[in-house]
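This report refers to the structure that appears directly beneath it.
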Amino acid sequence: MRSTNEQWAAAINHRFVRELFAGTVDDAVMRDYLVQDYQFFESFLSMLGACVAHADELDAKLRFARQLGMLVADEDTYFVDSFAELGVAPADYLQPELAAPTAGFRDLMDSAVASASYPQLLVVLAVAEWLYLDWAESQEEVPQRQVHQGWIDLHRGEAFRGWVQFLVDELERVFPTEDEQGSEAEDLVRTWRRAVDLECAFFDNVYDD
(Lines give C-alpha, C1' and ligand atoms only; values in the text may rest on other atoms or scores of the structure.)
Protein backbone atom coordinates (compact mmCIF):
# COMPACT_ATOMS: atom_id res chain seq x y z
CA MET A 1 0.00 0.00 0.00
CA ARG A 2 1.30 3.47 -0.89
CA SER A 3 3.03 4.87 2.13
CA THR A 4 0.65 6.71 4.38
CA ASN A 5 3.33 7.02 7.05
CA GLU A 6 3.30 10.82 6.99
CA GLN A 7 -0.45 11.10 7.53
CA TRP A 8 -0.36 8.30 10.11
CA ALA A 9 2.38 10.05 12.09
CA ALA A 10 0.51 13.36 11.86
CA ALA A 11 -2.54 11.76 13.46
CA ILE A 12 -0.57 10.06 16.22
CA ASN A 13 1.23 13.29 17.10
CA HIS A 14 -1.77 15.54 16.57
CA ARG A 15 -2.48 18.46 18.85
CA PHE A 16 -5.67 16.77 20.04
CA VAL A 17 -3.73 13.65 21.11
CA ARG A 18 -1.09 15.70 22.93
CA GLU A 19 -3.71 17.71 24.77
CA LEU A 20 -5.74 14.61 25.56
CA PHE A 21 -2.81 12.96 27.33
CA ALA A 22 -1.97 16.20 29.10
CA GLY A 23 -5.58 16.58 30.22
CA THR A 24 -5.75 20.06 28.72
CA VAL A 25 -8.28 19.53 25.93
CA ASP A 26 -10.80 22.34 26.09
CA ASP A 27 -14.22 20.99 27.04
CA ALA A 28 -15.75 22.54 23.92
CA VAL A 29 -13.21 20.71 21.75
CA MET A 30 -13.80 17.44 23.62
CA ARG A 31 -17.56 17.82 23.21
CA ASP A 32 -17.28 18.44 19.48
CA TYR A 33 -14.87 15.56 19.03
CA LEU A 34 -17.00 13.03 20.92
CA VAL A 35 -20.27 14.18 19.35
CA GLN A 36 -18.77 13.69 15.89
CA ASP A 37 -17.10 10.39 16.80
CA TYR A 38 -20.37 9.06 18.18
CA GLN A 39 -21.86 9.40 14.72
CA PHE A 40 -19.72 6.42 13.66
CA PHE A 41 -21.22 4.13 16.27
CA GLU A 42 -24.16 2.79 14.27
CA SER A 43 -22.08 2.34 11.10
CA PHE A 44 -19.34 0.63 13.11
CA LEU A 45 -21.85 -1.81 14.56
CA SER A 46 -23.08 -2.50 11.03
CA MET A 47 -19.52 -3.17 9.89
CA LEU A 48 -18.95 -5.69 12.66
CA GLY A 49 -22.27 -7.34 11.86
CA ALA A 50 -21.33 -7.49 8.19
CA CYS A 51 -18.05 -9.16 9.14
CA VAL A 52 -20.00 -11.77 11.10
CA ALA A 53 -22.02 -12.37 7.94
CA HIS A 54 -19.21 -12.33 5.38
CA ALA A 55 -16.10 -13.66 7.16
CA ASP A 56 -15.01 -16.92 5.56
CA GLU A 57 -14.09 -18.76 8.76
CA LEU A 58 -16.10 -19.56 11.88
CA ASP A 59 -13.41 -18.42 14.32
CA ALA A 60 -13.39 -14.99 12.68
CA LYS A 61 -17.18 -14.74 12.83
CA LEU A 62 -17.07 -15.51 16.56
CA ARG A 63 -14.35 -12.90 17.14
CA PHE A 64 -16.42 -10.19 15.50
CA ALA A 65 -19.48 -11.24 17.46
CA ARG A 66 -17.56 -10.87 20.74
CA GLN A 67 -16.37 -7.42 19.69
CA LEU A 68 -19.95 -6.36 19.07
CA GLY A 69 -20.77 -7.17 22.68
CA MET A 70 -17.80 -5.19 23.97
CA LEU A 71 -18.75 -2.16 21.92
CA VAL A 72 -22.26 -2.08 23.30
CA ALA A 73 -21.19 -2.70 26.89
CA ASP A 74 -18.06 -0.53 27.19
CA GLU A 75 -17.80 2.08 24.47
CA ASP A 76 -21.42 3.18 24.43
CA THR A 77 -21.34 3.52 28.21
CA TYR A 78 -18.27 5.76 27.95
CA PHE A 79 -20.00 8.01 25.42
CA VAL A 80 -23.22 8.37 27.43
CA ASP A 81 -21.31 9.06 30.67
CA SER A 82 -19.00 11.55 28.96
CA PHE A 83 -21.86 13.44 27.35
CA ALA A 84 -23.46 13.74 30.79
CA GLU A 85 -20.21 15.06 32.29
CA LEU A 86 -19.73 17.55 29.47
CA GLY A 87 -23.34 18.72 29.53
CA VAL A 88 -24.29 17.44 26.09
CA ALA A 89 -28.02 16.81 25.75
CA PRO A 90 -29.23 13.72 23.83
CA ALA A 91 -30.73 15.95 21.16
CA ASP A 92 -27.27 17.39 20.53
CA TYR A 93 -25.44 14.09 20.13
CA LEU A 94 -28.08 11.87 18.52
CA GLN A 95 -28.62 13.91 15.35
CA PRO A 96 -26.02 16.67 15.05
CA GLU A 97 -24.86 18.32 11.88
CA LEU A 98 -22.07 16.17 10.47
CA ALA A 99 -18.66 17.67 9.82
CA ALA A 100 -17.27 16.89 6.37
CA PRO A 101 -14.71 14.30 7.61
CA THR A 102 -17.39 12.62 9.72
CA ALA A 103 -19.76 12.36 6.77
CA GLY A 104 -16.93 11.13 4.55
CA PHE A 105 -15.78 8.40 6.92
CA ARG A 106 -19.32 7.27 7.66
CA ASP A 107 -19.97 7.03 3.93
CA LEU A 108 -16.80 4.94 3.59
CA MET A 109 -17.97 2.59 6.34
CA ASP A 110 -21.45 2.29 4.88
CA SER A 111 -19.97 1.60 1.44
CA ALA A 112 -17.88 -1.20 2.91
CA VAL A 113 -21.01 -2.73 4.44
CA ALA A 114 -22.90 -2.40 1.16
CA SER A 115 -20.03 -4.04 -0.73
CA ALA A 116 -20.52 -7.31 1.21
CA SER A 117 -16.75 -7.70 0.73
CA TYR A 118 -14.87 -9.07 3.73
CA PRO A 119 -11.52 -7.59 2.59
CA GLN A 120 -13.10 -4.14 2.09
CA LEU A 121 -14.62 -4.28 5.55
CA LEU A 122 -11.29 -5.31 7.04
CA VAL A 123 -9.40 -2.45 5.40
CA VAL A 124 -11.65 0.19 6.92
CA LEU A 125 -11.70 -1.51 10.32
CA ALA A 126 -7.93 -2.01 10.36
CA VAL A 127 -7.22 1.66 9.66
CA ALA A 128 -9.77 2.92 12.19
CA GLU A 129 -8.63 0.63 15.01
CA TRP A 130 -4.89 0.41 14.31
CA LEU A 131 -4.42 4.17 14.08
CA TYR A 132 -6.29 4.63 17.36
CA LEU A 133 -4.16 1.98 19.03
CA ASP A 134 -1.01 3.75 17.87
CA TRP A 135 -1.97 7.13 19.25
CA ALA A 136 -3.40 5.68 22.47
CA GLU A 137 -0.13 3.85 23.18
CA SER A 138 2.10 6.71 22.05
CA GLN A 139 2.48 8.15 25.57
CA GLU A 140 2.57 6.88 29.12
CA GLU A 141 0.88 9.86 30.74
CA VAL A 142 -2.50 9.25 32.34
CA PRO A 143 -4.80 12.29 32.59
CA GLN A 144 -6.93 12.51 35.71
CA ARG A 145 -10.37 13.24 34.28
CA GLN A 146 -12.34 10.18 33.24
CA VAL A 147 -13.56 11.83 30.06
CA HIS A 148 -9.92 11.98 28.91
CA GLN A 149 -8.52 8.82 30.50
CA GLY A 150 -11.50 6.70 29.50
CA TRP A 151 -11.10 7.51 25.82
CA ILE A 152 -7.43 6.57 25.92
CA ASP A 153 -8.05 3.36 27.87
CA LEU A 154 -10.68 2.19 25.39
CA HIS A 155 -8.03 2.16 22.67
CA ARG A 156 -5.02 0.57 24.31
CA GLY A 157 -4.05 -2.37 26.49
CA GLU A 158 -3.72 -6.07 25.87
CA ALA A 159 -7.32 -6.69 24.81
CA PHE A 160 -7.44 -3.86 22.28
CA ARG A 161 -3.95 -4.72 21.02
CA GLY A 162 -5.11 -8.28 20.43
CA TRP A 163 -8.18 -7.06 18.57
CA VAL A 164 -6.09 -4.88 16.24
CA GLN A 165 -3.63 -7.72 15.62
CA PHE A 166 -6.53 -9.96 14.70
CA LEU A 167 -7.75 -7.41 12.14
CA VAL A 168 -4.27 -7.01 10.64
CA ASP A 169 -3.75 -10.78 10.49
CA GLU A 170 -7.13 -11.28 8.82
CA LEU A 171 -6.45 -8.56 6.27
CA GLU A 172 -3.10 -10.11 5.41
CA ARG A 173 -4.75 -13.53 5.13
CA VAL A 174 -7.47 -12.49 2.69
CA PHE A 175 -5.56 -9.81 0.76
CA PRO A 176 -5.19 -10.85 -2.89
CA THR A 177 -2.03 -12.84 -3.59
CA GLU A 178 0.44 -11.81 -6.29
CA ASP A 179 -1.33 -14.15 -8.73
CA GLU A 180 -4.65 -12.52 -7.87
CA GLN A 181 -3.41 -8.92 -7.90
CA GLY A 182 -5.58 -6.67 -10.01
CA SER A 183 -8.56 -4.41 -9.62
CA GLU A 184 -9.52 -5.86 -6.22
CA ALA A 185 -6.12 -5.10 -4.74
CA GLU A 186 -6.16 -1.62 -6.22
CA ASP A 187 -9.59 -0.97 -4.72
CA LEU A 188 -8.34 -2.07 -1.30
CA VAL A 189 -5.34 0.23 -1.54
CA ARG A 190 -7.57 3.15 -2.49
CA THR A 191 -9.83 2.41 0.46
CA TRP A 192 -6.84 2.30 2.81
CA ARG A 193 -5.57 5.69 1.59
CA ARG A 194 -9.02 7.25 1.80
CA ALA A 195 -9.52 5.98 5.36
CA VAL A 196 -6.17 7.36 6.55
CA ASP A 197 -6.83 10.73 4.90
CA LEU A 198 -10.24 10.96 6.57
CA GLU A 199 -8.84 10.03 9.98
CA CYS A 200 -6.34 12.89 9.74
CA ALA A 201 -9.03 15.30 8.60
CA PHE A 202 -11.23 14.21 11.50
CA PHE A 203 -8.57 15.23 14.03
CA ASP A 204 -7.96 18.53 12.25
CA ASN A 205 -11.66 19.34 12.16
CA VAL A 206 -12.07 19.70 15.92
CA TYR A 207 -9.84 22.78 15.87
CA ASP A 208 -11.41 24.40 12.82
CA ASP A 209 -13.46 27.48 13.56
Side-chain angles (χ1 to χ4, degrees), residues 7-8 10-49 67-110 113 124-125 127-157 159-161 163-164 195-209:
Q7 299 102 306
W8 200 280
I12 294 170
N13 298 302
H14 198 276
R15 173 185 173 185
F16 176 79
V17 175
R18 298 195 306 271
E19 292 183 355
L20 183 66
F21 274 97
T24 59
V25 180
D26 186 273
D27 276 2
V29 171
M30 197 71 197
R31 281 196 300 270
D32 289 346
Y33 174 92
L34 291 179
V35 166
Q36 291 296 313
D37 198 282
Y38 194 62
Q39 307 318 303
F40 300 132
F41 196 75
E42 183 176 348
S43 294
F44 201 86
L45 289 174
S46 295
M47 288 187 70
L48 293 179
Q67 194 67 19
L68 270 168
M70 186 288 295
L71 212 65
V72 173
D74 297 338
E75 190 157 328
D76 194 52
T77 297
Y78 165 80
F79 274 114
V80 173
D81 290 348
S82 296
F83 289 143
E85 179 180 341
L86 294 168
V88 184
D92 294 327
Y93 65 76
L94 291 177
Q95 290 185 314
E97 180 178 352
L98 299 184
T102 308
F105 204 89
R106 198 164 75 173
D107 286 346
L108 188 67
M109 297 166 77
D110 292 343
V113 172
V124 180
L125 283 170
V127 170
E129 300 288 64
W130 192 359
L131 191 147
Y132 269 56
L133 172 69
D134 277 1
W135 72 248
E137 294 199 334
S138 65
Q139 299 185 41
E140 295 295 330
E141 298 174 75
V142 179
Q144 293 185 348
R145 286 183 66 186
Q146 176 59 23
V147 69
H148 302 145
Q149 183 181 347
W151 191 239
I152 295 169
D153 287 345
L154 278 171
H155 299 101
R156 68 178 181 182
F160 193 72
R161 200 179 305 120
W163 162 241
V164 172
V196 174
D197 287 344
L198 286 168
E199 287 284 10
C200 291
F202 185 82
F203 280 111
D204 289 340
N205 181 75
V206 295
Y207 291 100
D208 289 344
D209 293 328

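When all heavy atoms of D37 and Y132 are compared, the closest pair comes out as OD2-OH, 3.2 Å. The two residues V17 and S138 come nearest to each other via the heavy atoms CG1-OG, 4.2 Å. When all heavy atoms are compared, the tightest approach of V35 to Q39 is O-NE2, 2.7 Å. Nearest heavy-atom pair, G157 versus E137, reported as atom, atom and distance to 0.1 Å: N-OE2, 3.2 Å.
With sequence neighbours excluded, no residue forms a side-chain hydrogen bond (donor to acceptor under 3.5 Å, both in side chains) with Q139. In this structure W130 satisfies the side-chain hydrogen bond (donor to acceptor under 3.5 Å, both in side chains) test with no other residue, sequence neighbours excluded. Qualifying side-chain hydrogen bond (donor to acceptor under 3.5 Å, both in side chains) partners for D32, counting only residues two or more places apart in sequence or in other chains: none. Under the side-chain hydrogen bond (donor to acceptor under 3.5 Å, both in side chains) criterion, D26 pairs with no residue at all, not counting sequence neighbours.
In this structure, CD in E199 is found 8.0 Å from CZ in F202, a value given to the nearest 0.5 Å. With values rounded to the nearest 0.5 angstrom, I152 atom CD1 is found 5.5 Å from R156 atom CZ. With rounding to the nearest 0.5 Å, the separation of CG in L20 from CD in Q149 is 10.5 Å. For the atom pair CE (M47) and CG (L68), the distance works out to 11.5 Å, reported to the nearest 0.5 Å. One distance of note links CG of L45 with CG of L71; it measures 5.0 Å at 0.5 Å rounding.
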| Would Y38 and D76 satisfy side-chain hydrogen bond (donor to acceptor under 3.5 Å, both in side chains), going step by step from the backbone distance to the final call? | CA-CA 9 Å; Y38 194 62; D76 194 52; 2.8 Å; yes
| query | How far apart are the C-alpha atoms of W151 and F79, what are their side-chain angles, what is the distance that settles it, and do they pass the ring pair (Phe, Tyr, Trp, His ring centres under 6.0 Å) test? | reply | CA-CA 9 Å; W151 191 239; F79 274 114; 5.4 Å; yes
| message | side-chain contact (heavy atoms from CB on, under 4.5 Å) for Y33 and N205? Distances and angles first, verdict last. | response | CA-CA 8 Å; Y33 174 92; N205 181 75; over 6 Å; no
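A side chain to side chain donor-acceptor pair (under 3.5 Å) check over residues 12-23, counting only residues at least two apart or in different chains, returns the pairs H14-D204, R15-E19, E19-Y207.
A 4.5 Å side-chain heavy-atom check between V142 and D153 finds every atom pair outside the cut-off. Side chains of D81 and Q146 form no contact here, defined as non-hydrogen atoms less than 4.5 Å apart. Taking 4.5 Å as the limit, every side-chain heavy atom of M109 sits out of range of all side-chain heavy atoms of V113. Contact annotation: the side chain of Y78 approaches that of V147 to within less than 4.5 Å [non-hydrogen atoms, C-beta and beyond]. Inter-residue side-chain proximity for F160 and E129 is flagged as met; some heavy-atom pair is nearer than 4.5 Å.
Ring orientation note: the planes of W135 and F203 are nearly perpendicular, at an angle over 60° on the 30°/60° scale.
A distance-only check finds no donor-acceptor pair linking the side chain of H148 to the backbone of Q144 [under 3.5 Å].
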Show which side-chain atoms of residues 85-105 pair as donor or acceptor with protein atoms under 3.5 Å away, not counting sequence neighbours.
from	atom 1	to	atom 2	distance (Å)
E85	OE2	R145	NE	3.3
E85	OE2	R145	NH2	3.0
T102	OG1	Q36	OE1	2.6

